[in-house]
Amino acid sequence: MGVEYLSEVNEDLPLGKMLDLNIPILFVFGTGDRYTESSRRAVQELNSDLVSCIEIPDANHLFNRREWVDQVNTNTIEWITKSCKTLDS
């Protein structure tokens, strides 16, 4: 997955347009992923209560270590649980 793919994704549904969906959105990045540095900055600039960003320390683009997968799973489940509670209230 390279820069071209990320550009296509951003053209299809730019980050700012995602906010128009008016639903909670989760982004998960690895801090060791050199391919998503600009995407991480763009997500942080969205500055919306609907947007959550989780960074897995040292994880690469594929999260190909068991510890990283476990962190992604745990954090995602916690985020879903929290988001559902927020939507219910």
Side-chain angles (χ1 to χ4, degrees):
M1 181 178 317
V3 173
E4 296 83 17
Y5 173 77
L6 295 174
S7 295
E8 288 176 22
V9 169
N10 195 36
E11 287 174 12
D12 291 340
L13 186 59
L15 291 176
K17 289 279 189 191
M18 288 183 177
L19 295 179
D20 293 343
L21 299 172
N22 202 34
I23 58 172
I25 301 167
L26 174 64
F27 293 91
V28 180
F29 296 107
T31 61
D33 183 355
R34 62 187 172 99
Y35 297 106
T36 59
E37 290 172 5
S38 62
S39 297
R40 276 188 276 163
R41 282 192 302 274
V43 167
Q44 291 166 347
E45 291 172 5
L46 289 175
N47 195 24
S48 169
D49 292 337
L50 292 172
V51 176
S52 298
C53 183
I54 295 170
E55 292 187 337
I56 307 299
D58 302 319
N60 62 21
H61 192 73
L62 300 176
F63 301 98
N64 59 356
R65 286 192 183 162
R66 183 71 204 165
E67 65 190 85
W68 297 336
V69 171
D70 290 345
Q71 290 177 53
V72 169
N73 291 340
T74 299
N75 282 288
T76 302
I77 290 167
E78 289 173 0
W79 178 83
I80 291 170
T81 302
K82 177 183 164 193
S83 295
C84 288
K85 288 179 182 176
T86 302
L87 291 174
D88 283 343
S89 49

ask   = Do Val28 and Trp79 belong together in a cluster built from hydrophobic side chains that touch within less than 4.5 Å?
value = yes
inquiry  = Is there a path of hydrophobic side-chain contacts, each under 4.5 Å between heavy atoms, that joins Leu19 and Val43?
reply    = yes
inquiry  = Quick one: does any side-chain atom of Arg40 pair with a main-chain N or O of Asp33 as donor and acceptor, under 3.5 Å?
reply    = yes
ask   = Phe29 and Met18: same hydrophobic cluster, using ILVMFWY side-chain contacts below 4.5 Å?
value = yes
message = Within this structure, what is the CZ-CG distance for the pair Arg65 and Asn60, rounded to the nearest 0.5 Å?
response = 7.5 Å
Minimum side-chain heavy-atom gap Thr36-Phe27 below 4.5 Å = no
Interatomic distance, Thr31 atom OG1 to Glu37 atom CD [nearest 0.5 angstrom] = 10.5 Å
request  = Count the heavy atoms of every other residue, nucleotide or ligand shown that sit under 6.0 Å from CG of Asn47, and state whether that count exceeds 12.
outcome  = no
ask   = Are Ile54 and Ile80 in one and the same hydrophobic cluster, where Ile, Leu, Val, Met, Phe, Trp and Tyr link if side-chain heavy atoms are under 4.5 Å apart?
value = yes
inquiry  = Would you compute the distance between atom CG of Leu46 and atom SG of Cys53 and round it to the nearest 0.5 angstrom?
reply    = 9.5 Å
key: Student check: side-chain heavy atoms of Gln71 and Pro57 closer than 4.5 Å   = yes
message = Taking atom CG as the centre, does Asp20 end up with more than 12 heavy-atom neighbours from other residues, nucleotides or ligands that are less than 6.0 angstrom away?
response = yes
message = I'd like to know whether Ile56 forms a side chain to side chain contact (heavy atoms under 4.5 Å, CB included) with Asn75, so could you lay out the CA-CA distance, the side-chain angles of the two residues, the decisive distance to 0.1 Å, and finally the verdict.
response = CA-CA 9 Å; Ile56 307 299; Asn75 282 288; 3.9 Å; yes
